[in-house]
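For reference, positions follow the sequence shown, starting with 1.
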Amino acid sequence: RAASRALQALSSEKRAALLRRVADSLLAREREILEENVLDVNDALANGTDEHLLNRLRLKPGKIQQLAAGIRSIADQDEPLDRLLSRMEVAEGLTLEQRTSPLGVLMIIFESRPDA
């Protein structure tokens with residue numbers, strides 16, 4: 001919750017810059033991520049993990065670039081916080097507004113997925 005509130009307090013530009021740094025970090029550490037994935041797969045093989053789960057665990061070529069591109073796409077979107085969607089006067093002096101409101105913090109947790 002504290003992290004969510006801290007992120008909400010940042011300007012749109014700072015949040016977008018933060019997401020771009022996450023994408024840059026993924027790309028900068030792609031080799032290391034892929035090397036660690038090989039170790040994970042080898043460990044899973046040694047422990048008798050089912051082939052279907054191994055296929056989900058293996059990172060396929062281009063996955064890190066795909067994740068980074070997705071993060072950049074989010075960074076490039078219009079401001080999602082407290083955006084006015086509609087406004088109407090329901091009575092004199094009483095205005096009803098519909099605004100966007102955050103439900104949580106977006107971040108990626110990569111788990112074994114079939115599309116990896």
Report yes if some heavy atom in the side chain of [X] is under 4.5 Å from a heavy atom in the side chain of [Y]; otherwise report no.
X     : Y     : value
Leu59 : Ile33 : yes
Arg58 : Leu54 : yes
Arg87 : Leu96 : no
Glu30 : Gln65 : yes
Leu18 : Arg21 : yes

For the [atom1] atom of [X] and the [atom2] atom of [Y], what is their distance to the nearest 0.5 Å?
X     : Y     : atom1 : atom2 : result
Lys63 : Leu34 : NZ    : CG    : 12.5 Å
Gln77 : Leu19 : CD    : CG    : 9.5 Å
Ile64 : Asn37 : CD1   : CG    : 8.0 Å
Asp82 : Arg99 : CG    : CZ    : 4.5 Å

Legend entry - Exercise: do Thr95 and Glu89 side chains pair donor with acceptor under 3.5 Å: no
Legend entry - Electrostatic pair Asp76-Arg20, nearest N-O below 4.0 angstrom: yes
Inset, instruction - For Asp24, enumerate each residue passing the salt bridge (charged side-chain N to carboxylate O under 4.0 Å, His left out) test, keeping only those at least two apart in sequence or located in another chain. - result: Arg72
Legend entry - salt bridge (charged side-chain N to carboxylate O under 4.0 Å, His left out) against Glu32, all qualifying residues, sequence neighbours excluded: Arg29
Inset, instruction - Examine distances only and state if a side-chain atom of Arg83 and a backbone atom of Thr100 form a donor-acceptor pair shorter than 3.5 Å. - result: no
Legend entry - Same cluster (ILVMFWY, side-chain, under 4.5 Å), Val38 and Leu57: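 No, because Val38 and Leu57 fall into different hydrophobic clusters, even though each may have its own neighbours under 4.5 Å.
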Inset, instruction - Please name the residue in the list Val41, Asn47, Asp40 that meets the side chain to side chain contact (heavy atoms under 4.5 Å, CB included) test with Asp43. - result: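 Passing option: Asn47.
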Inset, instruction - Would you sort out whether Val90 and Met88 count as a side-chain contact (heavy atoms from CB on, under 4.5 Å), showing the intermediate values? - result: CA-CA 6 Å; Val90 293; Met88 71 175 78; 3.9 Å; yes
Legend entry - Shortest non-hydrogen contact between Ala68 and Leu26, atoms and distance: N-CD1, 4.3 Å
